[in-house]
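Please read all numbers here as calculations on a predicted model, not as lab measurements. Here is the naming used below: chain letters follow the sequence lines, and residue numbers restart at 1 for every chain.
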Number of protein chains: 2
Amino acid sequence: MPDNKLNSDTRERILDVAERQFMAHGYDATSMRMITGAAGVNLAAVNYHFGAKEELLREVFRRRLAWLNKERLIVLDALEQQASGEPLKPSQVLEAFFGTLLHIGEDEALGGMTFLRLLGRTLTDPSAFISAFFASEYAEVIERYKQALIRSLPDVPRAEIVWRLHFMLGAMSYAIAGTDILHVITGVEMSDYAGQEPGGKSEAMKLSQRLMPFLLGGLRAPLPNFSASSAQNGLLPAGAKREGEEVKKQ
Amino acid sequence: MPDNKLNSDTRERILDVAERQFMAHGYDATSMRMITGAAGVNLAAVNYHFGAKEELLREVFRRRLAWLNKERLIVLDALEQQASGEPLKPSQVLEAFFGTLLHIGEDEALGGMTFLRLLGRTLTDPSAFISAFFASEYAEVIERYKQALIRSLPDVPRAEIVWRLHFMLGAMSYAIAGTDILHVITGVEMSDYAGQEPGGKSEAMKLSQRLMPFLLGGLRAPLPNFSASSAQNGLLPAGAKREGEEVKKQ
DNA sequence: TCAAGGTTCAAACGTTCGTTTAATTTTATG
DNA sequence: CATAAAATTAAACGAACGTTTGAACCTTGA
């Protein structure tokens, strides 16, 4: 009756099932009875092992993000040591940040595409305790990578870099969430949602190879020109406007 | 006791309040009693006017998306007629699609930043009835703009264009959702969340001027090179890999 | 072997949820 | 003004929610 591929340990089994259910239905729409039922454990097991539902969600993320953000710091440290004081290339910074993330999608032991989708969908959740948790969990990594990006693009204003880091996180988040208006409409393959078969590997790799050039192109795009005319109609030709200073570097 | 700036008509007042509450707390975490209480109407009013909670959410989106997607088709029609058979420039297509959207953020009568944030946050909601609704509501517009993009980039494979359209939707969605890990950590100004003061105008404009160059840069980035070595360690230098063919055009 | 601590269990807790009902008030129409 | 339709109201519905309880069960070490 319980889900397949379940861990023998009750605690881990709850985490595995909760991860999948939160991904498929969202936090609020996933009840304790759905989780414990699918995990084949007693209803009270969640409260016994984790205290409350909120703490269960935090633990679902904690066990994955702990590895991810530690790995991100290790990779960045290695890159910076290897560069011996010189600024990194933007492509190196992006590869380190997003490459480590997308690596999770290729490794079921790290959460696989299930966790990636959960992460992408939860990053935009307005719930107070969720955003507070992410803020504290991501603080150090974001700060380190922000500084690395600022050093790698000395001619781009700091505020602009923060904006583009924001855009990049969004493109990545939405891409791995896989909730596609596009997928339903277009006949293109894209993701296949399942994630348990070995095909998950190539899926995450394809995503990585598609996403990285896009992010680099966006990061290195010309800066906006704020001196140009303010609003615009939307009915006008609209082309060839707001060109700006070019960003150099690789 | 009820919210300020409320419409005199009960039906519209419910829609206004629901829009704000769904944005602030999400669909599941917003109860009928929260909505009717803040709107100063009877609990049964929602069921009387809309039938059910799901239908209320659909109507909240419908009254805004009706204008948006109609406007998008009008603008695209005008551009294509003006081009008289020639393919549009990618920048024109993006300006038409995302410019009309971000215009909503500048006009409180169209929903303002409140609706933009709600839209951004709901686009990644896994709930079945929500994604089904968006799929049908967006079908025509997405198909038309996809075709326009394909025509504007004849040397880029269709699948690649769909991927990048996906990435662009993500960057936009996340940016307007404004649930920022970054905002909490960095001291940069960015959005100011409130949305009722006239400052909302410049906020949406700034966002538009920052987002558009990023999207164009990502769309026109070099194509990924699939013949290169497959996975990669994550601990290696990681730089200067996977460069590829350049995409031309403006 | 037996006490102790960790774990699982069925059952119930009080609360909140979305929805429905039936009576009442308001509005519009002849 | 009378009457039908539309709208609003207070109250209650059953269902589902997260959590708690206290007894039963299993494991472990002296």
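At a threshold of 4.0 Å, the pair B:Glu137-B:Arg62 does not count as salt-bridged, since none of the basic side-chain nitrogens sits closer than that to a carboxylate oxygen.
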| message | For a quick check, with a 4.0 angstrom heavy-atom cut-off, what is the B/S/- contact string for nucleotides 7-13 of chain C, read 5' to 3'? | response | BBBB-B-
I'd like a table of donor-acceptor pairs (distance under 3.5 Å, sequence neighbours excluded) in which one partner is a side-chain atom from residues 23-30 of chain A, with atom names and distances.
from: A:His25; atom 1: ND1; to: A:Gln21; atom 2: O; distance (Å): 3.3
from: A:Tyr27; atom 1: OH; to: A:Glu54; atom 2: N; distance (Å): 3.3
from: A:Thr30; atom 1: OG1; to: A:Gln21; atom 2: O; distance (Å): 3.2
from: A:Thr30; atom 1: OG1; to: A:Gly26; atom 2: O; distance (Å): 2.6

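The separation between B:Ile35 atom CD1 and C:dT19 atom P is 11 Å, rounded to whole Å. Atom NE2 in A:His25 sits roughly 16 Å away from atom P in D:dA16 (whole-Å rounding). We find that CD1 of B:Ile14 is positioned 12 Å from P of D:dA7, with the value rounded to whole Å. Rounding to whole angstrom units, CE of residue B:Met32 and P of C:dT20 are separated by 10 Å. Rounding to whole angstrom units, CG of residue A:Asn47 and P of D:dT19 are separated by 5 Å. Remark: C1' of D:dG18 and CZ of A:Phe50 are 16 Å apart, rounded to the nearest angstrom.
For B:Phe61, the ring pair (Phe, Tyr, Trp, His ring centres under 6.0 Å) test picks out B:Phe115, B:Phe134, with sequence neighbours left out. Looking at residues two or more places apart in sequence or on another chain, you find no side-chain contact (heavy atoms from CB on, under 4.5 Å) involving B:Ser136. Here B:Arg11 pairs with B:Glu59 under the salt bridge (charged side-chain N to carboxylate O under 4.0 Å, His left out) rule; sequence neighbours left out.
Considering only side-chain N and O atoms, A:Ser31 lies under 4.0 angstrom from the phosphate OP1 or OP2 of D:dC17.
Nucleic acid contact class of B:Thr36 (heavy atoms, under 4.0 Å, all strands): none.
Among residues at least two apart or in separate chains, there is no ring pair (Phe, Tyr, Trp, His ring centres under 6.0 Å) pair with a member in residues 37-56 of chain A.
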